[in-house]
Amino acid sequence: MPGLQSSPTGPLSGVAAVPGDKSISHRALILGALSVGETRITGLLESEDVLATATALNTFGAQAIHEDDGKWRVFGRGVGGLSEPSGVLDMGNSGTAARLLMGVSATLPFNTTFSGDASLSKRPMERAMIPLRQMGAQFTARDGGCLPITVSGAQAPIPITYELPMASAQVKTAVLLAGLNTPGLTTVIEPQPTRDHSERMLAHFGAEVVVEDTPDGGRRISLTGQPELTGHGVTVPGDFSSAAFPMVAALLAPKSRITLSGVGINPLRTGLLETLLEMGASIGVENRRSLSGEEAADLVVESSALKGITVSPSRAPSMIDEYPVLAVAAALAEGETRLEGLAELRVKESDRLGAMAKGLAAAGVDVTETEDSLTIRGGGAKHPGGVQIEAHLDHRIAMAFLVLGLATERLISIDDAATIDSSFPGFAALMNGLGADIKECP
Ligand code: S3P
């Protein structure tokens with residue numbers, strides 16, 4: 001697939017609905033497959049990452065089916081009811097698919113092999129294997145604990161109490177999913193609260209989950225094993241992490257006003273909203289409503305003069321996927337923005353810290369990178385642009401630089417547009433519908 005380029009644009013306006021939440025979509029399919037009966041999902045994100053999970057669940061013997069009306073139906077096999085896959089499960093680009101399904105397979109008494117693309121095959125999986133080994137699973141991994149990985153699921157799973165060494169909703173969820181097919185109480189303690197979609201959805205499907213705050217600001221999540229989960233309806237809200245791109249684009253393009261309807265606003269996901277408001281953004285949160293245990297709203301975004309701020313490490317878990325586009329907002333803000341506590345960004349779909357620093361500098365932005373921080377001196381004026389950026393198989397790097405290209409002197413192109421389909425199919429069409437100018441490179 002050719003690259004895409006974005007050119008300086010006029011005002012953005014109109015109403016758009018971003019596709020469904022990626023994290024919630026993976027979880028809805030997985031819990032549907034582990035339930036008894038039928039789960040009907042409205043608004044599932046049909047992106048490559050989520051389809052990797054759906055395909056894998058079908059190979060495990062569940063049935064996840066796309067209906068003509070756009071809904072998905074999942075016929076589950078019950079907790080512990082999945083059967084041995086006939087081949088290797090290809091997780092594509094998706095860390096969430098890989099780590100969550102490793103959790104599921106850790107307590108299924110057979111071998112499951114996972115592979116991934118070049119990006120995913122470099123990402124650390126040991127962080128998920130450590131607790132899953134304690135539960136009785138065994139692993140054969142490539143050097144460095146990377147994919148391809150074969151999981152030999154525990155014959156007699158052991159419940160554990162596991163304290164996460166890093167803030168990771170994927171590792172937390174891997175342990176909880178393994179805990180579903182384990183007798184007794186499985187407990188995860190997290191140093192800082194991370195997205196709690198799993199906890200909410202487990203409760204929605206009938207599991208007993210107790211969530212408590214710890215004295216030092218973390219959370220303790222306990223799950224009673226071997227529940228009978230029953231199929232449920234799930235309505236997936238729009239993905240806040242996808243909404244972040246048109247949101248920042250509208251803030252930066254003068255005289256813009258857009259409405260992003262039905263976006264998930266789980267407070268453990270909306271760190272970018274708080275940060276942008278602190279930077280002086282005009283973003284209204286309207287029509288709050290509840291969807292299958294999650295909160296959603298319409299976000300009304302107007303162009304705003306942003307000012308630089310310091311974003312502390314404590315903000316990172318609630319906006320971990322939004323730093324690339326925040327760095328773009330910072331590049332156009334008046335003054336210095338300092339983003340701290342970003343070590344986890346180095347092990348995402350790409351080294352996002354390095355990719356942002358390099359790409360912003362190439363586009364003419366004054367930026368300093370350290371091991372775990374990024375400092376951007378915006379100047380409040382347009383940057384030259386006129387560069388091609390490597391996407392590094394990273395959808396969010398690709399989209400962030402396309403947003404920057406709407407506000408630079410000359411266009412910005414990205415070398416690989418296909419990667420955007422991991423999380424945001426239809427990105428260019430949605431942006432252009434609001435008035436952006438994003439098209440295939442000649
Ligand atoms: C996710 C958790 C986060 C996030 C990822 C989705 C999830 O990863 O970056 O895009 O759905 O649980 P980590 O758990 O590695 O922080």
Side-chain angles (χ1 to χ4, degrees), residues 95 119 122-124 127 164-171 190-195 216-218 240-241 244-245 247-248 251-252 268-281 306-381 383 387 389-392 394-401 403-404 407-408 412:
S119 151
K122 283 191 230 145
R123 297 181 64 187
R127 52 177 61 193
L164 287 170
M166 79 291 287
S168 169
Q170 290 177 359
V171 179
E190 48 182 4
Q192 277 177 279
T194 63
R195 63 189 71 196
D216 46 5
F240 186 88
S241 296
F245 297 99
M247 186 187 298
V248 169
L251 291 174
L252 300 183
L268 294 171
R269 289 288 298 282
T270 49
L272 178 73
L273 180 60
E274 288 165 53
T275 302
L276 290 171
L277 291 174
E278 285 170 18
M279 292 172 81
L306 302 179
K307 58 179 191 312
I309 58 166
T310 293
V311 182
S312 84
S314 62
R315 192 58 65 76
S318 65
M319 54 178 292
I320 192 66
D321 291 335
E322 279 62 80
Y323 284 98
V325 79
L326 173 61
V328 169
L332 274 295
E334 182 70 55
E336 184 176 284
T337 298
R338 206 175 140 70
L339 311 177
E340 297 172 342
L342 306 187
E344 275 294 304
L345 290 198
R346 298 221 182 257
V347 291
K348 293 295 177 187
E349 285 81 331
S350 69
D351 167 2
R352 285 187 175 157
L353 198 41
M356 287 314 298
K358 199 167 150 215
L360 287 174
V365 180
D366 181 357
V367 54
T368 310
E369 171 192 3
T370 71
E371 204 37 53
D372 67 349
S373 76
L374 209 53
T375 302
I376 297 156
R377 283 159 292 269
H383 300 284
V387 283
I389 302 289
E390 269 181 77
H392 298 284
D394 190 330
H395 49 128
R396 299 200 209 281
I397 295 298
M399 290 186 279
F401 280 103
V403 170
L404 180 65
T408 43
I412 289 186

Strictly by modelled atom types, are Thr275 and Arg315 linked by a side-chain donor-acceptor pair under 3.5 Å? yes
Under a 3.5 Å threshold, yes or no: a donor from one side chain and an acceptor from the other, between Ser350 and Arg396?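 No, Arg396 and Ser350 have no side-chain donor paired with an acceptor closer than 3.5 Å.
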For Arg346, is there an ion pair with Glu371 - N to carboxylate O distance below 4.0 angstrom?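 Here Glu371 pairs with Arg346 in a salt bridge, since their nearest N and O are under 4.0 Å apart.
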May I ask you to decide whether Lys307 forms a salt bridge with Glu334, counting only side-chain N to carboxylate O separations under 4.0 Å? no
What are the two closest non-hydrogen atoms of [X] and [Y], and how far apart are they?
X: Ala357; Y: Val367; result: O-CG1, 3.5 Å
X: Leu306; Y: Ala329; result: CD1-CB, 4.0 Å
X: Asp351; Y: Gly354; result: OD1-N, 2.9 Å
X: Ala355; Y: Ile397; result: CB-CD1, 3.9 Å
X: Thr337; Y: Gly308; result: OG1-CA, 3.1 Å

What is the distance from atom [atom1] of [X] to atom [atom2] of [Y], rounded to the nearest 0.5 Å?
X: Met247; Y: Leu276; atom1: CE; atom2: CG; value: 7.0 Å
X: Ile309; Y: Met279; atom1: CD1; atom2: CE; value: 5.5 Å
X: Glu390; Y: Lys358; atom1: CD; atom2: NZ; value: 5.0 Å
X: Asp366; Y: Arg377; atom1: CG; atom2: CZ; value: 4.0 Å

Test your reading of the model: is there a side-chain donor-acceptor pair from Thr270 to the backbone of Leu273, 3.5 Å cut-off?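 Not confirmed, Thr270 side chain does not pair with Leu273 backbone.
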Hey, mind stepping through Thr375 and Glu336 against side-chain contact (heavy atoms from CB on, under 4.5 Å) and telling me if it holds? CA-CA 7 Å; Thr375 302; Glu336 184 176 284; 3.5 Å; yes
Applying side-chain contact (heavy atoms from CB on, under 4.5 Å), run through Leu353 and Tyr323 and close with a yes or a no. CA-CA 9 Å; Leu353 198 41; Tyr323 284 98; over 6 Å; no
Output all residues satisfying side chain to side chain contact (heavy atoms under 4.5 Å, CB included) with Ala391, sequence neighbours left out; order by chain, then residue number.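 Residues passing side chain to side chain contact (heavy atoms under 4.5 Å, CB included) with Ala391: Ala398, Asp415, Asp416, Thr419.
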Who are the side chain to side chain contact (heavy atoms under 4.5 Å, CB included) partners of His383, not counting sequence neighbours?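 His383 satisfies side chain to side chain contact (heavy atoms under 4.5 Å, CB included) with Ala331, Leu332, Val365, Thr408 only.
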With side-chain contact (heavy atoms from CB on, under 4.5 Å) as the criterion, how do Met356 and Val328 come out once you've worked through the C-alpha distance, each side chain's angles and the decisive distance to 0.1 Å? CA-CA 9 Å; Met356 287 314 298; Val328 169; 4.1 Å; yes
